[in-house]
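Just so we're on the same page: letters track the sequence lines, and every chain starts at 1. What you see is a predicted model; the values in this text were computed from it and never measured.
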Amino acid sequence: MRPEQERVRIAKLEELRKLGIDPYPADLYEVNTTSAEIKTECAHLNAGEKVEEGKYKQVSVAGRLMGRRIQGKAGFAELQDPEGRVQIYMNRDELCPGEDKSYYNNVYKKLIDLGDILGVKGYVFKTQTGELSIWVTEYTLLTKAIKPLPQPKTDEDGKVYDAFTDPELRYRQRYVDLIVNPKVRDTFIKRTKLMNTMREYLNEKGYLEVETPILQPLYGGAAARPFKTHHNTLDMTLYLRIANELYLKRLIVGGYDGVYEFSKDFRNEGMSRFHNPEFTQIELYVAYKDYEWMMNLVEEMVEKVALALHGTTEVQVGEHVINFQRPWKRYTMYGAIQHFTGIDVSGMDEAQLRATCDKLEIKVDDSMAKGKLIDEIFGEKCEPFLIQPTFITDYPVEMSPLAKKHRTEPGLVERFEAIANGKEICNSFSELNDPLDQRERFEEQVNLGKRGDDEAMTLDEDFLRALEYGMPPTAGLGIGIDRLSMIMTNSPTIQEVLFFPQMKPEKQPVYATEEDYKAIGIREELIPIIQELGYFEIEKLKVVKATKLHQDVSGMRKKMKLKEVKNPSLEEVEGWLA
RNA sequence: GAUUUCUUAGCUCAGUUGGUAGAGCAUCUCCCUUUUAAGGAGAGGGUCCUGGGUUCGAGCCCCAGAGGAAUCACCA
């Protein structure tokens, strides 16, 4: 049973059809401008002045009706198009020059609702209060909305009332969120602009955007648990990729000297405000470069992104202003740990590191090896305090099985991460291209797996074979697009930068059909009463006491004023439940 | 997974020691030809998340469950 408001709108739908107005017309609607264009191009008008000639004397705009202020024989309304809102002026005698005023009185005032999609034609003018508006000479209903929208209102100071804020509803019905919350729409425009800026930057440098498999027989390139699926024809297990690193490196072996991919990756792990099971990364590999070179690229590219989105390198994130202007601060990992804890961990063995973790009150478990322990210390004591963009370089070899050993520092690899707002935004290294070293590292990972680390990497023979043909020295980079978008749009959760974040499934009750009700002997005219009482499922109905149901139905019949409907007898009700 | 907390009208929210369920906006009717959180008059609209319990009586107290949120754990 639909709520009354929706029933009213469906009735209006029929009313419109009777008047010969198709509420869902098929023909295209020619639009020649937008709300934003009108606001910039007609700003010169004085209050009370109208456009006398040119394009803005005959504008055509389409959008959703979002606000309406009717004043008898005329009224104002707001039309929302992708660029924003523009006020429209509807005048009865303008729209209905003849005797018949029904197109205004009946259709516009009664049959058109907030949320409907309209096309309007007319001329631009400025009202006496100085608001640019369209004086409508003709309007067309383009789509009738059956469900009412939430109605947030904004006052002069930009304060929002009755905002549509429930996160569950906002994420499940993102379309509604996008209609009524302009900031949300802007966030996603910024996200796309962010990716486009990167794409343009990398294309300009001549790198090739590529696509690699999402369904992979072996997952690799990162440490994470995968989603597992099955291919019927080949009767084999496939995994959704957790990274695309190993495939992109194969392409470097193949002779491209710069490849990148924006990729959806999938990790079967916990969800939080920083984690969604599917997320987006960009990975970039450039031949004949090293991680030092890549750091400079990251600085330049991210600075460009900030400028493209905000026109400045300074971005407000929560309570901080983060400045992405080059150059960024750089620490080695050991240097950062020394800086924040005063402890030099560079020469420590596993036992000493465990003791240090105890001293710093960091929880560790037995499956953690040396590299993991150092990472824990860094993650606990350093990372959260790095607000301004900072590079952390030179990680322990144990936690970076795909990175090249440091050219001068034994036990370390040539790897860096960029941290901003206390979170990693990118990960990069001089790629390991020694096939024998790579095999050993994979074997260490396999041992870690046996020790209980369920995120240890698997050994990929084909990848090793590729390396054995020779991969040139290569710098690789991965940037978390969602995390970077969060920072660049000042969004506190990853859900705010994903159109459709993963949610628990929505509970959908199985509604009984009219036939289901009739099947147990309920008269057709009683069905609306049963539904009004909330018995949408036969199973729910069956467990009610006959006397209560009999009372309820009779009572509801009276309440619904269904005088022509005859109340069921108690025996009749007992018959339904038998 | 743990802890805390929330769930009342289409939306945002009140709801007193347990005593007939409220407001604004939205909807419907009427008035209003430059308003803009338009305004004025009136009306309709509720499974108080669900199921038990205590009580003469539960939106409120107790128990269980569902869903959401936050924090933690997990997560390079």
- [ ] For B/C48 versus B/C28, give the span between their C1' atoms, rounded off to a whole number of Å.
- [x] 24 Å
Open item on the list: Regarding A/Arg69 and A/Glu78, does a basic nitrogen lie under 4.0 Å from an acidic carboxylate oxygen?
Closed with: yes
Task: Nucleotide B/U36, atom C1' - distance to CG of A/Leu79 in whole Å - done: 15 Å
TODO: When you get a sec, tell me which of B/U35, B/A76, B/C25 is the closest nucleotide to the side chain of A/Glu131?
DONE: B/U35
Open item on the list: For A/Lys121, is there an ion pair with A/Glu138 - N to carboxylate O distance below 4.0 angstrom?
Closed with: no
Open item on the list: Side chains of A/Asp81 and A/Ser35: any donor to acceptor distance under 3.5 Å?
Closed with: yes
Open item on the list: Please check if the number of heavy atoms outside A/Lys101 that lie under 6.0 Å from its NZ is greater than 12.
Closed with: yes
TODO: Would you mind telling me which of A/Val180, A/Thr187, A/Asn181 makes a side-chain contact (heavy atoms from CB on, under 4.5 Å) with A/Val184?
DONE: A/Asn181
Task: Side chains of A/Glu414 and A/Ser430, donor plus acceptor under 3.5 Å - done: yes
- [ ] Ignoring the backbone of A/Arg172, work out which of B/G68, B/U35, B/A26 is nearest its side chain.
- [x] B/G68
Task: Phosphate-side-chain proximity, A/Lys110 and B/C28, N/O vs OP1/OP2 below 4.0 Å - done: no
Open item on the list: Strictly by Watson-Crick or wobble contacts shorter than 3.5 Å, is anything paired with B/A66, and which nucleotide is it?
Closed with: B/U7
Open item on the list: From the set B/A37, B/U34, B/A76, return the single nucleotide nearest to any side-chain atom of A/Trp135.
Closed with: B/U34
List, one per line, each side-chain donor-acceptor pair under 3.5 Å for residues 372-386 of chain A, sequence neighbours excluded.
unit_1   : atom_1 : unit_2   : atom_2 : d
A/Glu383 : OE2    : A/Glu424 : N      : 3.3

Task: Who pairs with B/C60 - Watson-Crick or G-U, where each distance is under 3.5 Å - done: none
- [ ] For nucleotides B/U8 and B/C13, find the distance between their C1' atoms and express it as a whole number of Å.
- [x] 9 Å
Task: Separation of atom CD1 in A/Ile134 from atom P in B/U36, rounded to whole Å - done: 20 Å
TODO: Please confirm whether any donor atom in the side chain of A/Gln87 sits under 3.5 Å from an acceptor in the base of B/U35, or the reverse.
DONE: yes
Task: Centroid separation A/Tyr139 to A/Tyr103 less than 6.0 Å - done: yes
Task: Rounded P spacing from B/C61 to B/C30 in Å - done: 45 Å
- [ ] Could you check how far CZ of A/Arg267 sits from C1' of B/A76, rounded to whole Å?
- [x] 8 Å
Task: Length of the CD-P vector between A/Glu269 and B/C74, whole Å - done: 12 Å
Task: Protein-nucleotide distance (A/Asp116, atom CG; B/A26, atom P), rounded to Å - done: 16 Å
Task: Distance-only side-chain donor-acceptor flag, A/Tyr161 / A/Gln151, under 3.5 Å - done: no
Task: Nearest-Å distance once atom C1' is located in both B/G67 and B/C25 - done: 26 Å
Open item on the list: Whole angstroms only, please: what is the CZ-P distance between A/Arg170 and B/A69?
Closed with: 11 Å
Open item on the list: Using a 4.0 Å heavy-atom cut-off, does A/Phe125 contact any base of the nucleic acid, only the sugar-phosphate backbone, or nothing at all?
Closed with: base
- [ ] Would you check if the side chain of A/Asp116 reaches a backbone N or O of A/Lys144 as a donor-acceptor pair within less than 3.5 Å?
- [x] no
Open item on the list: Taking only the C1' atom of each, what is the distance from B/U27 to B/G45 in whole angstrom?
Closed with: 8 Å
Open item on the list: So, does A/Lys12 get its side chain near the phosphate of B/C28, meaning an N or O under 4.0 Å from OP1 or OP2?
Closed with: yes
Task: Partner nucleotide, any strand, of B/A26 [Watson-Crick/G-U, under 3.5 Å] - done: none
Return the polar atom pairs (N/O with N/O) between nucleotides 5-15 of chain B and the protein under 3.5 Å, or none.
unit_1 : atom_1 : unit_2   : atom_2 : d
B/C11  : O2'    : A/Asp162 : O      : 3.2

Open item on the list: I'd like the C1' distance from B/C72 over to B/A58, given in whole Å.
Closed with: 35 Å
Open item on the list: Base of B/U34, side chain of A/Thr129 - is there a donor-acceptor contact under 3.5 Å?
Closed with: no
- [ ] With P as the reference atom in both, quote the distance from B/A26 to B/A37 in angstrom, rounded to an integer.
- [x] 13 Å
Task: Any A/Lys372 side-chain N or O less than 4.0 Å from OP1/OP2 of B/A76 - done: yes
Open item on the list: Quick test of your reading of the model: are A/Arg354 and A/Glu350 salt-bridged, counting only N-O distances below 4.0 Å?
Closed with: yes
Open item on the list: Using whole Å, what does the distance between atom C1' of nucleotide B/A37 and atom CG of A/Asp155 come to?
Closed with: 6 Å
- [ ] Counting heavy atoms from C-beta on, name the nucleotide in B/A69, B/A26, B/G44 closest to the side chain of A/Glu4.
- [x] B/G44
Distances for protein N/O vs nucleotides 31-33 of chain B N/O pairs under 3.5 angstrom?
unit_1 : atom_1 : unit_2  : atom_2 : d
B/C32  : N3     : A/Ile70 : O      : 3.4
B/C32  : N3     : A/Gly72 : N      : 3.1
B/C32  : N4     : A/Gly72 : N      : 3.4
B/U33  : OP2    : A/Lys73 : N      : 3.0
B/U33  : O2     : A/Tyr89 : OH     : 3.3
B/U33  : O2     : A/Asn91 : ND2    : 2.9
B/U33  : O4     : A/Asp93 : OD2    : 2.4

Open item on the list: Restricting to non-hydrogen atoms, name the atom on A/Arg483 and the atom on A/Lys423 that form the minimum distance, rounded to 0.1 Å.
Closed with: NH1-CD, 4.2 Å
- [ ] Kindly say if A/Arg69 contacts the phosphate of B/U35, meaning a side-chain N or O under 4.0 Å from OP1 or OP2.
- [x] no
TODO: Report the residue (A/Asp375 or A/Thr493) whose heavy-atom-nearest nucleotide on RNA chain B is the more 5′ of the two.
DONE: A/Thr493
Task: Nucleotide B/U35, atom P - distance to CE of A/Met66 in whole Å - done: 23 Å
Open item on the list: Please report the distance separating the P of B/G51 from the corresponding atom of B/U36, rounded so that it comes out in whole Å.
Closed with: 47 Å
